[in-house]
Engineer: 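Got a structure for you, questions after.
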Amino acid sequence: ILLLNRSFTALDRMNIFRLTGDLSHLLAICLLLWKIWKTRSCSGVSGKSQFMFLLVFVTRYLDLFTTFISLYNTTMKVFYIVAATATVYLIYFKFKATYDGNHDTFRAEFLIVPVAGLAVLVNHDFSVMEILWTFSIYLESVAILPQLFMISKTGEAESITSHYLFALGLYRGLYILNWVYRYYTEGFFDLIAIVAGCVQTVLYCDFFYLYITKVLKGKSLTLPA
């Protein structure tokens, strides 16, 4: 019941924070794909982060085969899966020669395995679909870590990669406002999604500061090692 309620409370319950959050997410994904395709290179992009985002979308949107909520909802889900698949393909196959595996060294299994265990232990309902949805929420909150770790190792990020990360972080920040808005207007409250979203947003805080103080002023972005 809880799973169904969560799905249908999302049924076209659109507000300005959710809409702008979705648009920011779309912008981030398009920026990354455009960067890779235009430069014919995936240099500076963490394949491990992108693989985990693909895993996030695939495990979260399995309900594509069982539940229709709205055309908008279905279109977004299909776009996320297709775009994430395309990104991983470009990194590991099409432009594999440009992939900087020497710096993309974060141990992704140290994130995926604990997150999977946490999803089994802490969820709304002990069912396959619910555990997979919970897994995707937890994993998304930390999936950006390999990318941030890679930037700290290389010393700096390309301008377009910085814009991608900012748009991605902005999406999470806007979704927090979306949850606040829905709580006060609908009484909707999902502790798992909110806590995971806050954790993810916190991970971007240092990056946000550097982006505003450096990138927006035309300087290159570097993260402390």
Engineer: About how many Å separate OG of Ser49 and CZ of Phe149, when rounded to the nearest 0.5 Å?
Structural biologist: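 Going from the CZ atom of Phe149 to the OG atom of Ser49 covers 11.5 Å.
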Engineer: Roughly how far apart are Leu165 CG and Ile144 CD1, rounded to 0.5 Å?
Structural biologist: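 The CD1 atom of Ile144 is 5.0 Å from CG of Leu165, to the nearest 0.5 Å.
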Engineer: Does any non-hydrogen side-chain atom of Met76 lie less than 4.5 Å from one of Leu26?
Structural biologist: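 Yes, side chains in contact.
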Engineer: Please test Lys35 against Val45 for side-chain contact (heavy atoms from CB on, under 4.5 Å), starting from the C-alpha separation and ending with a verdict.
Structural biologist: CA-CA 10 Å; Lys35 180 265 183 201; Val45 178; 4.1 Å; yes
Engineer: Heavy atoms, side chains only, cut-off 4.5 Å: are Leu32 and Gln50 in contact?
Structural biologist: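 Yes, their side chains come closer than 4.5 Å.
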Engineer: Within a strict 4.5 Å, meaning less than it, do heavy atoms of the Lys77 and Ile69 side chains meet?
Structural biologist: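 A side-chain contact exists here, since the closest heavy-atom pair is under 4.5 Å.
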Engineer: Assert yes or no for the condition that the ring centre distance of His163 to Tyr211 is strictly below 6.0 Å.
Structural biologist: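 Yes - the distance between ring centres of His163 and Tyr211 falls below the 6.0 Å cut-off.
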Engineer: Which class fits the ring pair Phe189 and Tyr183: parallel under 30°, tilted 30 to 60°, perpendicular over 60°?
Structural biologist: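 Perpendicular: the ring planes of Phe189 and Tyr183 meet at over 60°.
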Engineer: For residues 52-62, which side-chain donor-acceptor pairs fall under 3.5 Å, sequence neighbours excluded?
Structural biologist:
unit_1: Thr59; atom_1: OG1; unit_2: Leu55; atom_2: O; d: 2.7
unit_1: Thr59; atom_1: OG1; unit_2: Val56; atom_2: O; d: 3.2
unit_1: Arg60; atom_1: NE; unit_2: Ser136; atom_2: OG; d: 3.0
unit_1: Arg60; atom_1: NH1; unit_2: Glu140; atom_2: OE1; d: 3.2
unit_1: Arg60; atom_1: NH2; unit_2: Ser136; atom_2: O; d: 3.2
unit_1: Arg60; atom_1: NH2; unit_2: Glu140; atom_2: OE1; d: 2.7

Engineer: Between Thr74 (side chain) and Leu71 (backbone), is there a donor-acceptor pair under 3.5 Å?
Structural biologist: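 No.
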Engineer: Are the side chain of Thr85 and the backbone N or O of Ile81 linked by a donor-acceptor pair below 3.5 Å?
Structural biologist: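 Yes; at least one donor-acceptor contact below 3.5 Å.
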Engineer: Say whether, by atom type as modelled, one donor and one acceptor occur between the side chain of Gln200 and the main chain of Gly173 under 3.5 angstrom.
Structural biologist: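 Answer holds: no.
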Engineer: Calculate, to the nearest 0.5 Å, the distance between atoms NE2 and CG belonging to His124 and Leu191 respectively.
Structural biologist: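 The CG atom of Leu191 is 7.5 Å from NE2 of His124, to the nearest 0.5 Å.
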Engineer: Is there a donor-acceptor pair closer than 3.5 Å between any side-chain N or O of Tyr138 and the backbone N or O of Ala119?
Structural biologist: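 Absent.
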Engineer: Say whether Leu121 and Phe126 are linked into one hydrophobic cluster, either directly or through other cluster members, by side-chain heavy-atom distances under 4.5 angstrom.
Structural biologist: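 Looking at the clustering, Phe126 is in a separate group from Leu121.
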Engineer: Transitively linked via ILVMFWY side-chain contacts under 4.5 Å: Leu177 with Met14?
Structural biologist: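 Same hydrophobic cluster.
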Engineer: If we check side chain to side chain contact (heavy atoms under 4.5 Å, CB included) with Ile137, which of these qualifies: Asp190, Ile192, Ile194?
Structural biologist: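 In the set Asp190, Ile192, Ile194, the residue that makes a side chain to side chain contact (heavy atoms under 4.5 Å, CB included) with Ile137 is Ile192.
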Engineer: Counting N and O atoms only, with roles assigned by atom type, does the side chain of Asn15 sit under 3.5 Å from a partner on the main chain of Arg18, one being a donor and the other an acceptor?
Structural biologist: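 Yes.
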Engineer: Is there side-chain contact between Thr134 and Val122, with heavy atoms separated by less than 4.5 Å?
Structural biologist: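 No - every pair of side-chain heavy atoms lies 4.5 Å or more apart.
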Engineer: Strictly distance-based, threshold 3.5 Å: is any side-chain N or O of Asp125 a donor or acceptor partner for the main-chain N or O of Glu130?
Structural biologist: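 Flag not set: sc Asp125 to bb Glu130 has no pair under 3.5 Å.
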Engineer: Starting from Val142, can I reach Val202 by hopping between I/L/V/M/F/W/Y residues whose side chains sit under 4.5 Å apart?
Structural biologist: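 Looking at the clustering, Val142 is in a separate group from Val202.
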Engineer: Using 30° and 60° as the class boundaries, would you call the ring planes of Tyr89 and Phe93 parallel, tilted or perpendicular?
Structural biologist: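 Plane angle under 30°, so parallel.
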Engineer: Rounded to the nearest 0.5 Å, what separation is found between the CG atom of Asn178 and the CZ atom of Arg172?
Structural biologist: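 Atom-to-atom, Asn178:CG and Arg172:CZ are 9.5 Å apart.
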Engineer: Decide side-chain contact (heavy atoms from CB on, under 4.5 Å) for Lys94 and Ile36; before the verdict, give the C-alpha distance in whole Å, the side-chain angles of both, and the deciding distance to 0.1 Å.
Structural biologist: CA-CA 10 Å; Lys94 181 73 173 178; Ile36 295 174; over 6 Å; no
Engineer: Indicate the atoms forming the closest heavy-atom contact of Pro146 with Leu111, along with that distance.
Structural biologist: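 Residues Pro146 and Leu111, closest heavy atoms: CD-CD1, 4.1 Å.
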Engineer: Taking all heavy atoms of Leu203 and all of Ser141, pick out the closest pair and write down the distance.
Structural biologist: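 Heavy atoms of Leu203 and Ser141 come nearest at CD1-O, 3.2 Å.
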Engineer: In this structure, are over 12 heavy atoms from other groups packed under 6.0 Å from Phe51 atom CZ?
Structural biologist: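 No, not enclosed.
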Engineer: Find out if a path of hydrophobic residues (ILVMFWY) with successive side-chain heavy-atom gaps under 4.5 Å connects Ile131 to Trp133.
Structural biologist: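 Ile131 and Trp133: separate clusters.
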Engineer: Taking all non-hydrogen atoms of both residues, which atom of Leu174 and which atom of Ser24 are closest, and how far apart?
Structural biologist: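 Minimum heavy-atom contact is CD1-CB, 4.4 Å.
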Engineer: Hey, mind stepping through Tyr80 and His25 against side-chain contact (heavy atoms from CB on, under 4.5 Å) and telling me if it holds?
Structural biologist: CA-CA 9 Å; Tyr80 289 144; His25 198 185; 3.3 Å; yes
Engineer: Please report the interatomic distance SG(Cys30) to OH(Tyr164), rounded to the nearest 0.5 Å.
Structural biologist: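 Reported value, rounded in 0.5 Å steps: 11.5 Å.
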Engineer: Please name the pair of heavy atoms, one in Ile176 and one in Gly197, separated by the smallest distance, quoted to 0.1 Å.
Structural biologist: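 Looks like CD1-O, 4.1 Å.
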Engineer: Dump the intermediate steps for side-chain contact (heavy atoms from CB on, under 4.5 Å) on Met150 and Phe106, then the final yes or no.
Structural biologist: CA-CA 8 Å; Met150 186 177 187; Phe106 194 98; over 6 Å; no
Engineer: How far does CD of Gln147 sit from CZ of Phe207, to the nearest 0.5 angstrom?
Structural biologist: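 Here the rounded value is 9.0 Å.
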Engineer: Using a 6.0 Å cut-off, check whether atom CZ of Phe208 has over 12 heavy atoms from anything other than its own residue.
Structural biologist: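 Atom CZ in Phe208 is crowded, with more than 12 foreign heavy atoms closer than 6.0 Å.
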Engineer: Is there a donor-acceptor contact under 3.5 Å from the side chain of Asn123 to the main chain of Val120?
Structural biologist: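 Yes, because the side chain of Asn123 sits within donor-acceptor range (under 3.5 Å) of the backbone of Val120.
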Engineer: Is there a donor-acceptor contact under 3.5 Å linking the side chains of Ser43 and Asp100?
Structural biologist: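 Looking only at side-chain atoms, Asp100 and Ser43 do not form any donor-acceptor pair under 3.5 Å.
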Engineer: Hydrophobic clustering (ILVMFWY, side-chain heavy atoms < 4.5 Å, transitive) - are Tyr171 and Val180 grouped together?
Structural biologist: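 Yes.
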Engineer: Provide the closest heavy-atom pair for Ala83 versus Ile29 in the form atom of the first, atom of the second, distance.
Structural biologist: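 Between these two residues, the closest heavy atoms are CB-CG2, 3.5 Å.
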